[in-house]
Amino acid sequence: METVNSRSSNVVIIGGGPGGYEAALVAAHLGADVTVIEKDGVGGAAVLTDCVPSKALIATADYLSEFETATELGVHLKDDAGDAVTDAAAELADINARVLALAEAQSEDIETRLREVGVRVLRGSARIASVSEVEVELSGDFGGGTERVDADVILIATGATPRVMATAQPDGERILTWQQIYALEELPERLVVVGSGVTGAELAQAYLGLGAEVVLVSSRDRVLPGEDPDAATVIEEVFKRRGMEVLGRSRMAAVERVDDERGSGVVVRLEDGREVRGSHALLAVGSIPQTSGIGLEELGVRLTESGHIMVDRVSRTSMRGVYAAGDCTGVLPLASVAAMQGRIAMSHALGDAVTPLNLSIVSATIFTDPEIATVGVSQKDVDSGEVAAEVVTLELSRNPRAKMLGVSDGFVKLFAEPGSGSVLGGVVVAPRASELIFPVTIAVSHRLNVDQIASTFTVYPSLSGSIAEAARRLHSTS
């Protein structure tokens with residue numbers, strides 16, 4: 001393994017998102033002199049305009065939905081006069097102010113931690129001049145001008161940005177990307193969400209929960225086409241039951257802003273000639289890597305046709321001493337994966353023990369209501385014959401704790417290897433599925449078998465009890 005001396009090395013990290021700041025912490029711990037260059041703010045898009053604010057927005061919508069559940073449980077809200085409170089209203093300006101303040105506070109916390117361990121943070125735009133030098137155009141906050149930073153190791157963690165189509169140009173007012181929605185001061189009257197992948201589904205439900213009328217335009221047969229089909233079916237049924245209009249097999253051709261006798265709004269034109277009118281449109285049609293204009297082509301770093309940086313399982317690029325992590329690599333667009341790639345890159349570059357990235361044990365969550373959490377093999381792997389597995393699915397509606405909480409949607413699904421009973425994967429559709437998937441992830445990561453899971457105590461009553469019950473049903477008697 002080719003490494004540099006960590007005690008005398010200069011590490012330059014371009015991008016301060018999860019891949020960048022986690023890498024910086026590792027490199028500093030290993031004794032390197034570390035410089036992080038970030039143009040927008042430490043934490044990157046994940047903290048400032050994506051993961052943190054979107055999940056905070058979703059959490060607010062979830063809180064509002066609990067008012068409905070409370071009524072079903074026999075709890076009725078009343079005002080001081082004793083009259084029933086029939087509705088709770090979302091004040092979007094207040095919500096977005098809190099969301100952005102939370103994101104900024106998280107960014108400041110991360111930057112404080114970086115500075116505590118000796119990491120130098122520069123605000124500005126970077127360009128790689130050579131494998132040993134990075135040029136930084138400093139922002140006004142840092143006095144402006146240009147600075148050159150010596151580098152023994154370079155990590156590129158520049159992330160991705162929302163994909164914009166020529167026929168659907170965002171204006172930040174009526175036609176919005178998911179990074180622009182936090183500037184809204186009033187709840188959209190009728191929001192047309194274009195794209196039913198993870199981002200589209202999450203934000204469509206968030207705005208529905210906040211009280212907006214929502215239309216979800218999906219080019220595929222169902223929402224969340226890349227996810228477990230049973231889980232996607234549950235979510236689509238929940239969407240429709242709560243009043244969302246879901247347009248399947250409806251590909252967007254263009255989005256235009258209109259101002260006519262009906263007022264200001266947008267028109268989403270579909271390829272089959274239909275038109276969908278709304279007050280606002282949210283574009284969630286994918287993302288593109290931020291890899292142009294930073295010197296990669298001149299340096300000889302290999303890119304894919306989509307512009308992603310090609311890396312191996314220890315985050316090396318095609319150029320010695322240059323690593324990459326996060327959404328700019330196209331490996332798997334998750335903050336947790338970006339962070340792991342960054343940590344692995346620094347451990348490898350600076351000579352520490354390293355385990356190559358293993359995507360088969362990555363757990364992921366879609367923050368709809370209920371949430372969808374997955375790890376390991378998928379239903380698609382089993383149905384295609386790629387993986388042999390025994391499968392058990394338990395409806396959450398039969399779980400006693402779920403009944404107490406008023407939860408009727410969701411399930412636990414486990415995949416186990418025939419014969420050995422090793423847990424190969426799982427799907428959890430439930431409130432806080434992001435927390436419930438952890439024991440399944442441990443089982444997959446450490447090759448535990450279903451009998452070991454089944455014989456482990458769970459609290460009664462608890463949602464996690466369904467995981468143990470699913471494992472018991474996979475016990476082999478042969």
SB check [X] [Y] (cutoff 4.0 Å):
{"X": "R222", "Y": "E236", "value": "no"}
{"X": "R120", "Y": "E38", "value": "no"}
{"X": "R472", "Y": "E469", "value": "yes"}
{"X": "E395", "Y": "R398", "value": "no"}
{"X": "E202", "Y": "K55", "value": "yes"}

Quick one, S466 with N399, criterion side-chain hydrogen bond (donor to acceptor under 3.5 Å, both in side chains). Give me CA distance, side-chain angles, the key distance, then yes/no. CA-CA 7 Å; S466 288; N399 179 287; 2.9 Å; yes

Table please: side-chain donor-acceptor pairs of residues 407-414 below 3.5 Å, with sequence neighbours left out.
| residue | atom | partner | partner atom | Å |
| --- | --- | --- | --- | --- |
| D409 | OD1 | R241 | NH2 | 3.4 |
| D409 | OD2 | R241 | NH2 | 2.4 |
| K413 | NZ | D228 | OD1 | 3.0 |
| K413 | NZ | D228 | OD2 | 3.4 |
| K413 | NZ | D230 | OD2 | 2.7 |
| K413 | NZ | Q379 | OE1 | 2.9 |

Only pairs under 3.5 Å count here: list side-chain donor-acceptor contacts from residues 122-129, not counting sequence neighbours, and write none if there are none.
| residue | atom | partner | partner atom | Å |
| --- | --- | --- | --- | --- |
| R127 | NH2 | E298 | OE2 | 3.3 |

For D40 against L48, the heavy-atom pair lying closest together: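 Of all heavy-atom pairs spanning D40 and L48, the closest is O-CD1, 4.0 Å.
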
Show the nearest heavy-atom pair for residues L30 and M346, with the distance to one decimal.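 Smallest interatomic distance, heavy atoms only, reads CD1-O, 4.1 Å.
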
With a cut-off of 3.5 Å and sequence neighbours excluded, list every side-chain donor-acceptor pair involving residues 387-394.
none

Looking only at the side chains, is there a donor atom on one of D62 and S65 sitting less than 3.5 Å from an acceptor on the other?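 Distance-only check fails for D62 and S65.
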
Please enumerate all residues that pass ring-ring contact (aromatic ring centres under 6.0 Å, His included) together with Y63, with sequence neighbours excluded. F67

Under the side-chain hydrogen bond (donor to acceptor under 3.5 Å, both in side chains) rule, collect the residues that match up with S130, sequence neighbours excluded.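 S130: side-chain hydrogen bond (donor to acceptor under 3.5 Å, both in side chains) contacts with S132.
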
Residues in side-chain hydrogen bond (donor to acceptor under 3.5 Å, both in side chains) with D150, at least two apart? none

With side-chain hydrogen bond (donor to acceptor under 3.5 Å, both in side chains) as the test, would you mind laying out the steps for T365 and S434 before giving the verdict? CA-CA 6 Å; T365 299; S434 49; 4.8 Å; no

Hey, mind stepping through T112 and D109 against side-chain hydrogen bond (donor to acceptor under 3.5 Å, both in side chains) and telling me if it holds? CA-CA 5 Å; T112 297; D109 286 346; 5.4 Å; no

